[in-house]
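Worksheet: the structure to be examined is printed underneath.
Order of the sequence lines sets the chain letters (A, B, ...), proteins ahead of strands, with each chain counted from 1.
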Amino acid sequence: MKLVLGTLTLCAFFGSALSPTSPTTSFGPAPASGALVTASPGEVGSVKGKALFQGEAPRRRKVDMGSDPACHALHAEDARDESVIVGEKGELANVFVWVSKGLEGKEFALPTTPAELDQKGCTYVPHVLGMRVGQKLVIKNADPVTHNVHSFAKKNKAFNQSQQGGGKSLEQVFDKEEVLMQVKCDIHGWMSTYVGVVAHPYFAVTKADGAFEIPGLAPGEYTLSAKHEVFGTQKTAITVKVDGVVETAFTFAEE
Amino acid sequence: MTVHPSSAAPAGRGSAPLLAGLFVATAVLVAYGFWSLGGLPELASRHGVSIDATITYLFVTTGILFLLGHGVLTLFVLRYAGSAERAAPERGSPHASSKLEWRWALVPVLVMCVIAEGGVLIVGMPAFAQLYGEAPPDSFVVEVVGKQFEWLVHYPGPDGVFGRSEAKLVNDARNPIGLDKKDPAAKDDIYTRGQMHLPVGRGALIRLRALDVLHSFTVPQFRVKQDLIPGFLGRTQFEPTRTGQYELACAELCGLGHYRMRGFITVESQEEVDQWLSEQEPAF
Amino acid sequence: MDGVTLPRPPSARAAETLLVAFLATVTMLFAGFTSAYLIRRTGSDWARLELSPLVYVNTLVLLGASVTLELARTRGSALWPRAAALLGCLFLIGQVLVWRTLSADGQLVWHRPQGAFFFLLSLVHGLHLAGGLIALVWLLTRHARLHLVVIYWHFLALAWIYVLALLRFQ
Amino acid sequence: MVERAGTGVLTAERAGPTARVEEHHAPRSFLGRYVFSTDHKVIGLQYLLTAMLMALVGGALAVMIRYQLAWPEKTVVTPETYLALVTMHGTIMVFFVVSLALVSGFGNFLIPLHIGARDMAYPFLNMLSFWTVVPGCLLMLAAFFVEGGAAAAGWTAYPPLSALKEAVPGSGLGQTLWLLAMALFIASFTMGGLNYITTILNCRAKGMTLMRMPLTVWMFFVSAVLGVLAFPPLTAAALMLLGDRHLGTSFFLPGGLVFGEEVLAHEGGTPLLFQHLFWFLGHPEVYVIVLPAIGIAFDVIATHARRPPFGYRISVYATLLIAFLSMIVWGHHMYVSGMNPLVGEYFSIATVSITAPFSVLGINLIGSLWRGQIRFTTPMYFALGIISVIGTGGLGGLYLGTSTTDVYFHDSYFVVGHFHLMIGVVTLMGTFAGCYQWFPKMFGRLMNERLGKLHFWLTFVPMMAVFVLMHYQGLSGMLRRYYDHSLFEFQTAGRALNKPITYFALLAVGGQLVFLVNFFWSARRGVRASENPWEGASMEWNTASPAPHGNFGPEDPVARRGPYEYAPQDSHQEYLPQWTA
């Protein structure tokens with residue numbers, strides 16, 4: 001999947017696939033173009049899976065936007081709390097899944113496109129965002145009201161800035177890995193989003209069907225972690241083989 | 001050392017009317033402004049009557065002193081303006097007249113004792129007693145939790161008991177006031193973001209709590225203002241006397257969203273309040 | 001006038017006035033801390049401070065310095081101020097040792113208010129004493145203003161006893 | 001007046017036969033003369049110029065604040081920047097402009113001249129005090145350029161807002177710099193105050209008894225005593241706040257503070273404690289800066305009305321009473337902050353009692369005109385203006401000192417209008433009156449009278465307009481420290497006044513340019529002044545203009561009578577200077 005053009009050029013030079021036991025620990029910096037391409041099958045494997053919730057799904061409360069009528073007016077019907085979204089068969093959305101061990105010391109080229117966080121209808125879109133260390137984060141405000149974007153980063157530098165409705169985008173870059181850093185708007189207390197910042201491209205966020213997929217992972221042994229803002233973190237060890245697809249599932253429950 | 005004739009001092013009498021005019025204008029405009037521009041928002045609480053009475057009392061008394069002071073200043077500026085014709089000012093050592101000075105010093109002391117201290121004690125006290133005395137036993141009790149930058153309004157629910165809450169349970173989206181699910185009294189509690197409904201004509205006792213920094217609970221029409229201090233359970237009380245919707249504002253600087261910290265207080269009949277409460281989603 | 005003038009050097013009384021005014025400032029500083037201490041002491045997390053006996057040894061050393069200085073003032077020998085300076089140094093070293101024992105006990109950590117107050121008060125006191133020490137050393141050669149330094153040291157000895165009493169009797 | 005000399009404290013210190021008399025030459029080098037000078041007049045001017053530079057910053061901040069309030073839709077600044085503007089405007093103006101110009105600047109310049117001393121008691125300490133405040137100014141200004149911006153918790157720096165970087169962006173490095181700058185300021189101000197007290201008590205000329213000192217000196221004395229006693233508790237509070245910010249102590253921070261999803265580790269502190277310590281300084285600080293302005297007004301009025309001030313002694317006693325009362329009324333800033341209502345009532349009664357001695361000062365100011373022969377010079381314009389402003393602002397204080405009405409007015413624009421009148425307009429006008437009055441002693445020239453009077457009109461009229469209109473906003477319920485008032489309906493009425501206020505404010509700020517031009521132009525080109533251009537009777541007129549190094553000639557001056565012998569009863573002279581036989 002996400003190997004770098006530079007790496008591929010190198011591969012082409014040697015005319016052969018990188019061996020899984022290749023001593024190369026660094027994939028090298030990306031060329032200026034930095035385009036990300038999916039590695040061809042035969043070199044890498046992938047991980048697929050689902051996040052599930054066990055037990056009775058908590059009720060999704062109505063989001064009370066009473067304190068700001070301007071926000072309330074943006075919704076035809078009541079918005080619902082996004083922190084726990086469970087499907088009919090227990091599929092759990094908004095779980096951040098990433099390779100937490102096994103990629104140490106390797107470097108991966110950065111995507112040139114920035115990660116994007118928007119504020120729409122006084123909610124954050126997306127509710128959980130994954131991005132890379134060093135990648136630019138662009139924060140937009142599509143609402144007609146002023147928000148403030150307040151990160152509660154523990155490892156990275158925290159920031160707190162106000163943003164006028166329809167005003168200029170804010171930009172941030174994080175220089176350390178930090179999974180699920182809370183970013184919220186203090187003016188509208190219900191607005192909360194979580195950003196997972198990782199040093200490599202192997203992460204995903206579960207969709208409404210609870211599914212995720214992390215392709216293009218070089219063969220090897222890894223620890224795969226999944227974190228939900230309410231239900232905490234789960235880990236599992238996986239072994240990726242060439243062309244292999246590892247299937248895994250995370251099951252969360254209320255403490 | 002000889003006394004030099006002044007090179008800079010003589011200045012025309014022409015300044016006297018100018019300055020006198022300025023002071024008259026100041027007096028008239030300031031007083032007129034207080035009279036006409038400085039209207040308080042329409043009163044909507046019971047104890048506010050005494051507060052307004054105290055303000056009116058101060059209006060009148062300080063107004064008289066203000067006009068009197070400016071009047072004398074103006075007169076003196078006109079009367080004692082130096083002129084070429086009057087060769088020397090009237091002579092007389094001030095210390096010969098020190099009795100006069102003491103007498104004049106007594107005047108403001110007495111006036112201020114009567115006007116100011118009297119005002120504080122006689123006119124002001126009743127309002128203070130209503131604000132800080134015992135709450136009427138049948139008061140409608142609500143809790144307000146201030147946080148950057150929201151008013152979270154917490155009702156005890158049908159059981160009339162506020163559930164336990166704890167800082168570490170606070171979650172902005174799911175449990176903003178940190179109610180403890182395990183406390184049975186908390187189950188039926190109701191909380192809203194900035195929506196408070198109060199019955200008209202019944203004492204309201206507001207419990208005040210802050211989660212992060214100082215805030216201040218202010219409704220100008222009710223003439224109430226009370227700080228919320230993190231770590232302390234404060235309170236304020238008042239009796240709304242007019243139905244309608246009022247804005248709840250924050251008066252203590254609390255951060256960049258201070259100016260947006262708005263809540264709404266709807267004053268309506270007891271039945272309407274009960275009806276509204278029954279429509280709200282319970283905490284758990 | 002060509003700028004050649006005859007300013008008077010500050011008189012001894014001026015120095016006394018300066019000292020008294022300065023002591024008033026320092027008193028207000030300790031008063032500020034005292035009121036903070038009295039209010040903070042009602043906090044829920046307050047615990048009693050267990051002082052190590054070394055504190056009392058230090059107190060005696062400081063009182064010794066005060067006595068020595070009094071002798072220096074009345075007897076006028078050059079030896080006494082030196083002894084006082086030595087005792088002052090010993091006191092400061094002793095205070096640092098007290099901090100070390102208290103932090104080894106876990107009492108002198110920042111989130112313990114009683115420890116924080118002890119550190120803050122003894123630090124402020126110690127800094128003032130260090131200032132007095134410098135003044136004393138500076139005056140070792142000259143005998144002119146010794147009585148002012150003596151007053152200052154007596155004041156600091158009293159201040160320390162006050163601080164100790166404040167922290168001890170709760 | 002004839003003071004019986006020879007007893008107790010009232011006797012001035014005399015240089016005894018044993019006092020060493022050294023020859024001091026005026027320093028010749030540029031560094032020695034103008035930079036590291038120990039001459040009180042140079043230091044006074046250094047303070048004055050530093051304050052002018054800081055005033056340019058403070059004024060620019062005020063313009064930005066007013067611009068945002070008048071045209072919130074243009075959003076020239078963000079809310080967090082706005083708070084930094086408000087905080088820094090307040091801090092800079094109160095401490096680094098008014099305190100520096102009036103108390104440190106004129107205090108230094110006038111006290112030795114007034115009491116017939118050759119310099120301050122401790123000139124080196126004096127120089128040290130100035131060079132302590134300079135890095136303080138620089139640190140304060142540096143806060144604008146650090147990450148998160150300048151301090152934004154208000155000039156009162158209430159924790160938790162000022163203690164936690166999570167609470168507001170400016171509570172990061174900006175707030176630390178603010179605290180350090182304040183520490184330097186306090187150190188400098190304390191050194192200065194100690195020097196004032198010592199100088200006034202010990203360095204008076206022969207015959208200059210305490211009751212022969214000009215009222216200005218009395219006011220500086222009381223102000224110095226207040227400053228020396230009131231600042232230390234703030235120092236203590238600042239040290240503890242630094243501990244809470246950087247060391248994890250919990251002096252002011254209670255348990256259970258929640259930011260985001262994190263509960264902070266602090267436990268057991270009380271935010272109210274800081275407010276008590278802050279206002280224990282904060283309220284006397286008001287008198288520290290207002291009293292000297294009133295003193296200057298007394299002196300200027302006496303000189304130009306050709307009459308001794310009405311009730312000199314009574315004014316002195318009233319001032320001492322005000323000083324005492326000012327230290328026991330700080331709680332009136334905290335009526336609605338959750339203090340015990342009984343304590344609130346005590347503070348209310350005590351606060352309101354200050355109006356009695358204060359109105360005595362007011363009566364005496366007006367009374368000083370009685371039977372006078374007023375010369376309408378520029379300093380007199382300002383002194384008369386001060387009477388009007390004190391009357392207006394002082395009476396407004398009753399609404400805030402009374403706890404009942406303060407429930408309504410607290411933190412409204414009424415407060416902003418009131419304290420700007422008292423510690424902004426009165427003190428500025430006092431500074432200006434002083435500048436026009438004693439300019440000859442600074443530069444040997446007079447300031448331009450035409451420009452001076454223009455400056456008066458451009459100061460008095462727009463400033464009164466700005467701050468009186470703010471009273472009306474406060475009456476209508478408009479709250480202070482709001483970035484934008486348009487969100488709340490109840491503030492609609494008050495908001496309508498925002499634009500007019502801004503226009504007046506721009507006029508007032510622009511008017512000060514007239515003063516700057518006049519000041520610098522007159523310093524080089526003004527009309528040369530004689531020794532005693534105003535025919536003043538007090539000691540400073542007994543020397544050349546500008547006053548030379550060492551202030552007086554080779555012989556020490558002697559005070560033979562009070563400083564205000566205008567129109568003396570037993571003499572045919574128009575006035576009797578203090579120094580003549």
> Which atoms of L58(B) come close to chain D, meaning under 4.5 Å heavy atom to heavy atom: side chain ones, backbone ones, both, or neither?
Replying inline: both

> Hey, which of L497(D), I363(D), L361(D), V468(D) has the most heavy atom pairs under 4.5 Å with chain B?
Replying inline: I363(D)

>> With rounding to the nearest 0.5 angstrom, report the CD1 to CG distance, I366(D) to L75(B).
In response: 10.5 Å

> Is chain B contacted by the side chain of Y158(D), its backbone, both, or neither, given a heavy-atom distance below 4.5 Å?
Replying inline: side chain

> Side chain, backbone, both or neither: which part of F232(B) has a non-hydrogen atom closer than 4.5 Å to chain D?
Replying inline: side chain

>> For L83(D), which atoms come within 4.5 Å of any heavy atom of chain B: side chain, backbone, both, or neither?
In response: side chain

> Going by heavy atoms in the side chains, are E101(B) and R313(D) under 4.5 Å from each other?
Replying inline: no

> Relative to chain B, which segment of L479(D) carries a heavy atom at a distance below 4.5 Å: side chain, backbone, both, or neither?
Replying inline: side chain

>> What part of E267(D) gets within 4.5 angstrom of chain B, counting heavy atoms only: side chain, backbone, both, or neither?
In response: neither

>> Using heavy-atom distances under 4.5 Å, tell me whether A153(D) contacts chain B through its side chain, its backbone, both, or neither.
In response: backbone

>> Within the structure provided, determine whether W370(D) and L100(B) are in side-chain contact (heavy-atom separation under 4.5 Å).
In response: yes

> For the candidates A210(B), G124(B), G231(B), which exhibits the highest count of non-hydrogen atom pairs separated by less than 4.5 Å from chain D?
Replying inline: G124(B)

> So what's closer than 4.5 Å to chain D heavy atoms on H70(B): side chain, backbone, both or neither?
Replying inline: side chain

> What is the minimum heavy-atom distance between E117(B) and V352(D), and which atoms define it?
Replying inline: N-CG1, 3.7 Å

> Which of the residues P271(D), G477(D), G385(D), G391(D) is involved in the greatest number of heavy-atom pairs with chain B at under 4.5 angstrom?
Replying inline: P271(D)

> OG1/T355(D) to CE/M112(B) distance, rounded to the nearest 0.5 angstrom?
Replying inline: 5.0 Å

> What part of V123(B) lies closer than 4.5 angstrom to a heavy atom of chain D: side chain, backbone, both or neither?
Replying inline: neither

> Using a cut-off of under 4.5 Å for heavy-atom pairs, which of P79(D), P159(D), S337(D) has the most such pairs with chain B?
Replying inline: S337(D)

>> Could you measure the distance from the CG atom of L384(D) to the CG atom of L22(B)? Nearest 0.5 Å is fine.
In response: 10.0 Å

>> Can you tell me how far apart CG (L19(B)) and CE (M380(D)) are? Round to the nearest 0.5 Å.
In response: 9.0 Å

> By a 4.5 Å heavy-atom criterion (distance strictly below it), what part of Q226(B) contacts chain D: side chain, backbone, both, or neither?
Replying inline: both

> Taking A356(D), G256(D), S388(D) one by one, which has the highest count of heavy-atom pairs under 4.5 Å against chain B?
Replying inline: S388(D)

> Once you round to the nearest 0.5 Å, how far does CG of L398(D) lie from OG1 of T54(B)?
Replying inline: 12.5 Å

> Taking all atoms of both residues into account, what is the closest heavy-atom pair of A167(D) and Q148(B), and its distance?
Replying inline: O-NE2, 2.8 Å

>> Looking at chain D, which one of V109(B), L106(B), D52(B) has the largest number of heavy-atom pairs inside 4.5 Å, strictly under?
In response: V109(B)

>> Using a 4.5 angstrom heavy-atom cutoff, name the option from V263(D), L342(D), T81(D), T156(D) with the most pairs to chain B.
In response: V263(D)

>> Out of the candidates Y482(D), Y82(D), Y483(D), only one should pair with Y259(B) under the ring-ring contact (aromatic ring centres under 6.0 Å, His included) rule; please name it.
In response: Y483(D)

>> Quick check on L131(B) against chain D: is it the side chain, the backbone, both or neither that has a heavy atom closer than 4.5 Å?
In response: side chain

>> Taking side chain as everything from C-beta outward and backbone as N, CA, C, O, which of these in F358(D) sits under 4.5 Å from a heavy atom of chain B? Side chain, backbone, both or neither.
In response: neither

>> Counting heavy-atom pairs closer than 4.5 Å to chain D, which one of A27(B), A105(B), A127(B) comes out on top?
In response: A105(B)

> At a heavy-atom separation under 4.5 Å, does V461(D) approach chain B through its side chain, its backbone, both, or neither?
Replying inline: side chain

>> Quick check on P440(D) against chain B: is it the side chain, the backbone, both or neither that has a heavy atom closer than 4.5 Å?
In response: neither

> Out of L164(D), T270(D), D484(D), which one racks up the most heavy-atom pairs below 4.5 Å with chain B?
Replying inline: D484(D)

> Which bit of V258(D) is near chain B, if near means a heavy-atom gap under 4.5 Å: side chain, backbone, both or neither?
Replying inline: both

>> So for T26(B), is it side chain, backbone, both, or neither that comes closer than 4.5 Å to the heavy atoms of chain D?
In response: side chain

> Side chain, backbone, both or neither: which part of A152(D) has a heavy atom under 4.5 Å from chain B?
Replying inline: backbone

> Which answer fits T392(D), side chain, backbone, both or neither, if we ask what part of it has an atom under 4.5 Å from a heavy atom of chain B?
Replying inline: both

>> With a 4.5 angstrom heavy-atom cut-off, is it the side chain or the backbone of F488(D) that approaches chain B, or both, or neither?
In response: both

>> For the OG1 atom of T404(D) and the CD atom of Q130(B), what is their distance to the nearest 0.5 Å?
In response: 11.0 Å

>> Please rank A25(B), P41(B), G69(B) by heavy-atom pairs under 4.5 Å with chain D and give me the top one.
In response: P41(B)

> Minimum heavy-atom separation for A81(B) to F376(D), with atom names?
Replying inline: CB-CE1, 3.5 Å

>> Between Y132(B) and N340(D), is there a side-chain heavy-atom distance shorter than 4.5 Å?
In response: no

> Side chains of L161(D) and L214(B): closer than 4.5 Å at any heavy-atom pair?
Replying inline: no

> Do the non-hydrogen side-chain atoms of D411(D) and E252(B) ever get within less than 4.5 Å of each other?
Replying inline: yes

>> Please classify the contact between F66(B) and chain D as side chain, backbone, both or neither, with a heavy-atom cut-off of under 4.5 Å.
In response: both

>> Heavy-atom cut-off 4.5 Å, strictly under: side chain, backbone, both or neither for P160(D) against chain B?
In response: both

> Side-chain contact, heavy-atom cut-off 4.5 Å: I387(D) with F76(B)?
Replying inline: no

>> Using every non-hydrogen atom in the two residues, find where N171(B) and E261(D) come nearest and quote the distance to one decimal.
In response: ND2-OE2, 3.4 Å

> What part of V360(D) lies closer than 4.5 angstrom to a heavy atom of chain B: side chain, backbone, both or neither?
Replying inline: both

> Side chain, backbone, both or neither: which part of L18(B) has a heavy atom under 4.5 Å from chain D?
Replying inline: both

> Which bit of L248(B) comes within less than 4.5 Å of chain D, counting heavy atoms only: side chain, backbone, both or neither?
Replying inline: backbone

> If every non-hydrogen atom of D212(B) is compared with every non-hydrogen atom of F259(D), which pair is closest and at what distance?
Replying inline: CB-CZ, 3.4 Å

> Which heavy atom in L256(B) sits nearest to a heavy atom in E80(D), and how many Å separate them?
Replying inline: CD2-OE1, 3.9 Å

> Would a distance-only check, ignoring hydrogens and angles, find a side-chain to backbone donor-acceptor pair under 3.5 Å from E489(D) to E247(B)?
Replying inline: no

>> A side-chain contact here means heavy atoms from C-beta on lying under 4.5 Å apart; do Y399(D) and T62(B) qualify?
In response: yes

>> Please check this pair: side chain of K225(B) against backbone of V336(D), looking for a donor-acceptor N/O pair closer than 3.5 Å.
In response: no

